[in-house]
Number of protein chains: 2
Amino acid sequence: MKGKIFIIEDEASIVQLVQHNLEKEGFIVSSSLNGNEGLKELKKFEPNLLLLDWMLPDLSGIDVCKNIRRDSNFKSLPIIMLTAKGEEEDKIKGLESGVDDYITKPFSFNELHARIKAVLRRSDPKVVANELIYEDLKLDRIEKRVFRSDNEIQLGPTEFRLLEFFLINPKRVYSRDQILETVWPNNVNVESRTIDVHIRRLRQSINIEGKKELIRTVRSSGYSLI
Amino acid sequence: MKGKIFIIEDEASIVQLVQHNLEKEGFIVSSSLNGNEGLKELKKFEPNLLLLDWMLPDLSGIDVCKNIRRDSNFKSLPIIMLTAKGEEEDKIKGLESGVDDYITKPFSFNELHARIKAVLRRSDPKVVANELIYEDLKLDRIEKRVFRSDNEIQLGPTEFRLLEFFLINPKRVYSRDQILETVWPNNVNVESRTIDVHIRRLRQSINIEGKKELIRTVRSSGYSLI
DNA sequence: TCTTAATGTTACAGAAATATTACAAATTAA
DNA sequence: TTAATTTGTAATATTTCTGTAACATTAAGA
């Protein structure tokens, strides 16, 4: 799935054309013909990108935009604004109010598609920034959450640190001593076998629904993340 | 004007490169090669964002960071930390001491630029927005009112500031120390356990009519708004 | 195959962290 | 000033986590 796109645009012909073409490209698309309703539906739909007409019957594009940026669930939702020729003034206002890109009507679908790809690509890195990812395993250091294939996994503090440690250098094998030194607070004395128990707990937590084992035992050496 | 950016970094070549590119992008940039002086100049300059090297000749990045977060004029200044490869340990500390994002040297300017935009956009609402919204929770900073699903909720001053703080960066986990530093007036000494009690009061107030819990306890780390 | 060392598994008691409650002091409103 | 509200803390209850020991299983060489 390439992503979900929401369209707010009052010209039905444009909506139809764009929606059809985007769906053909593999996007999931939903749309609304006016601002107020659009805002509500959009928040239910949770798109990855919004195509927003600047001249709507009820709300102005700016109002829609501001509303979205105020809502913390959507404040980083990429927005491409659709503007009629000659609305240069508005373009500037648009960019100032947090729009990511704009395109002037009439536009070709190819042009729009290119912009969408660019904006989606640009907006990607911010998602990655604080996340450690390995295969279908994701650990968010800021939110302190762990996911396996998008299912959230509950970990105790030690298991969290342990997994964080493995994720920094996947595939690398660490001895029990190395693990102890890094994962446990300094000056703490714990039995080396204690690590085995925590490894077991971590394994149990992240090996959900029969997914493949992610922690490898290297006999006489230690453990590694696959 | 896109914004003002201050750089504290001791490698002159990096400063020069980044400063030049940022200025070309339309930012106003100023910089310093060491921590102590940097702190002074920064406070005069009043930037919208700080790029902070983690290994400085005089002060550590953590010290600079703490100093900034203690100063009520700058405690919400977004900070992106520049770290050398392999300083993973420090990254963790950095994120815990209130840094917004980090980037590992060497980095491309495009990468940095993307991070800057993301952080600036994320941090934008906290300066401007009168209303902070998260799911069915709404806090009006001007009218000092809080609503859950359109029902007004009465909060004491401390609970109000606490909720406001959480709403600025929902989902992010904050330690008790970070909460204390930001939510309580400077130089006030309160027991760290006191926060638990205020969390309890806040929870009790906003969890109306059996709606779902909105404050998450992250054992050994702190609390977050879901 | 047998032996042995290494690792896996389990259960549990204490420890640590957090939740809850009550109350007195401090602050604010009336 | 009195009454009402808000705050911080300490004491207690509850929950969750940790480390260890005891026993089970596995792998690899003799």
Side-chain angles (χ1 to χ4, degrees), chain A residues 144-146 152-166 173-208 210 212-226, chain B residues 96 144-146 152-166 173-207 210 212-226:
Chain A
K144 307 266 182 202
R145 288 178 191 274
V146 174
E152 181 163 7
I153 287 167
Q154 231 54 46
L155 293 183
T158 304
E159 278 70 53
F160 186 92
R161 293 197 308 276
L162 190 56
L163 179 58
E164 185 179 19
F165 173 65
F166 279 124
V173 178
Y174 291 99
S175 70
R176 291 185 174 65
D177 279 347
Q178 287 175 310
I179 294 173
L180 261 188
E181 268 183 31
T182 318
V183 176
W184 267 256
N186 293 330
N187 329 323
V188 177
N189 248 36
V190 290
E191 209 57 43
S192 141
R193 295 301 317 281
T194 298
I195 290 169
D196 301 28
V197 178
H198 282 283
I199 289 282
R200 148 100 172 135
R201 287 170 181 156
L202 180 55
R203 275 176 166 153
Q204 214 159 27
S205 304
I206 67 180
N207 288 359
I208 53 167
K212 79 164 177 186
E213 180 66 51
L214 282 180
I215 292 175
R216 176 170 59 121
T217 303
V218 182
R219 190 164 246 256
S220 83
S221 294
Y223 298 96
S224 81
L225 187 62
I226 284 296
Chain B
E96 278 168 358
K144 305 271 179 200
R145 287 170 188 275
V146 174
E152 182 161 6
I153 286 167
Q154 231 52 46
L155 292 182
T158 304
E159 278 70 53
F160 186 91
R161 291 199 309 277
L162 190 55
L163 180 58
E164 184 179 17
F165 173 65
F166 278 125
V173 177
Y174 290 98
S175 69
R176 292 188 174 66
D177 279 348
Q178 288 176 312
I179 294 173
L180 262 188
E181 273 185 22
T182 316
V183 175
W184 267 256
N186 290 330
N187 328 323
V188 175
N189 248 35
V190 289
E191 210 56 42
S192 140
R193 305 255 97 241
T194 298
I195 290 168
D196 301 28
V197 178
H198 283 282
I199 289 282
R200 150 113 170 124
R201 287 170 182 154
L202 180 55
R203 275 176 167 153
Q204 221 158 22
S205 305
I206 67 179
N207 288 359
K212 79 165 176 185
E213 180 67 52
L214 282 180
I215 292 175
R216 173 171 62 123
T217 303
V218 182
R219 189 166 244 253
S220 85
S221 293
Y223 298 96
S224 80
L225 187 63
I226 283 294

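First the proteins, then the strands, lettered A, B, ... as listed; each starts at 1.
In this structure, A/Arg145 contributes its side chain and A/Glu152 its backbone to no donor-acceptor pair below 3.5 Å.
Distance, B/Arg161 CZ to D/dG8 C1': 13 Å, rounded to whole Å. Following rounding to the nearest Å, B/Leu162 (CG) and D/dT6 (P) show an atom-to-atom distance of 15 Å. Separating the CD atom of B/Gln204 from the C1' atom of C/dA22 is a distance of 13 Å, rounded to the nearest angstrom. We find that CZ of B/Arg176 is positioned 10 Å from C1' of C/dA19, with the value rounded to whole Å. If you take OH of B/Tyr223 and P of C/dT18, they are 6 Å apart, rounded to a whole angstrom. Rounded to an integer number of Å, the gap from CG of B/Leu180 to P of D/dT7 is 14 Å. We find that CG of B/Leu155 is positioned 10 Å from P of D/dT7, with the value rounded to whole Å.
At D/dT18, one or more side-chain N or O atoms of A/Thr158 fall inside 4.0 Å of OP1 or OP2 (strictly under the cut-off). In this structure, B/Trp184 reaches the D/dG8 phosphate: one of its side-chain N or O atoms is under 4.0 Å from OP1 or OP2. Side-chain nitrogen and oxygen atoms of A/Thr217 include none within less than 4.0 Å of the OP1 or OP2 phosphate oxygen of C/dA6.
Contact annotation for A/Glu159: backbone-only contact, meaning every heavy-atom pair under 4.0 Å involves sugar-phosphate atoms and none involves a base.
Between B/Arg193 and B/Gly156, the one whose closest nucleotide on DNA chain D sits nearer the 5' end is B/Gly156.
Residues B/Arg203 and B/Thr217 come closest through the heavy atom pair NH2-OG1, 2.6 Å. The two residues A/Val183 and A/Leu162 have their closest heavy-atom pair at CG1-N, 3.9 Å.
The aromatic rings of A/Phe165 and A/Tyr174 lie tilted to each other, with the angle between the two planes from 30° to 60°.
The stretch residues 194-203 of chain B touches DNA chain D through B/Thr194, B/Val197, B/His198, B/Arg201, each having a heavy atom within less than 4.0 Å of the strand.
Between A/Arg216 and A/Val173 there is a side-chain heavy-atom pair separated by less than 4.5 Å. No side-chain heavy atom of A/Asp196 sits under 4.5 Å from any side-chain heavy atom of A/His198.
Side-chain atoms of A/Arg219 come within donor-acceptor range of the base of D/dT26, with a qualifying N/O pair under 3.5 Å.
A donor-acceptor contact closer than 3.5 angstrom is absent between the side chains of A/Arg161 and B/Ser220.
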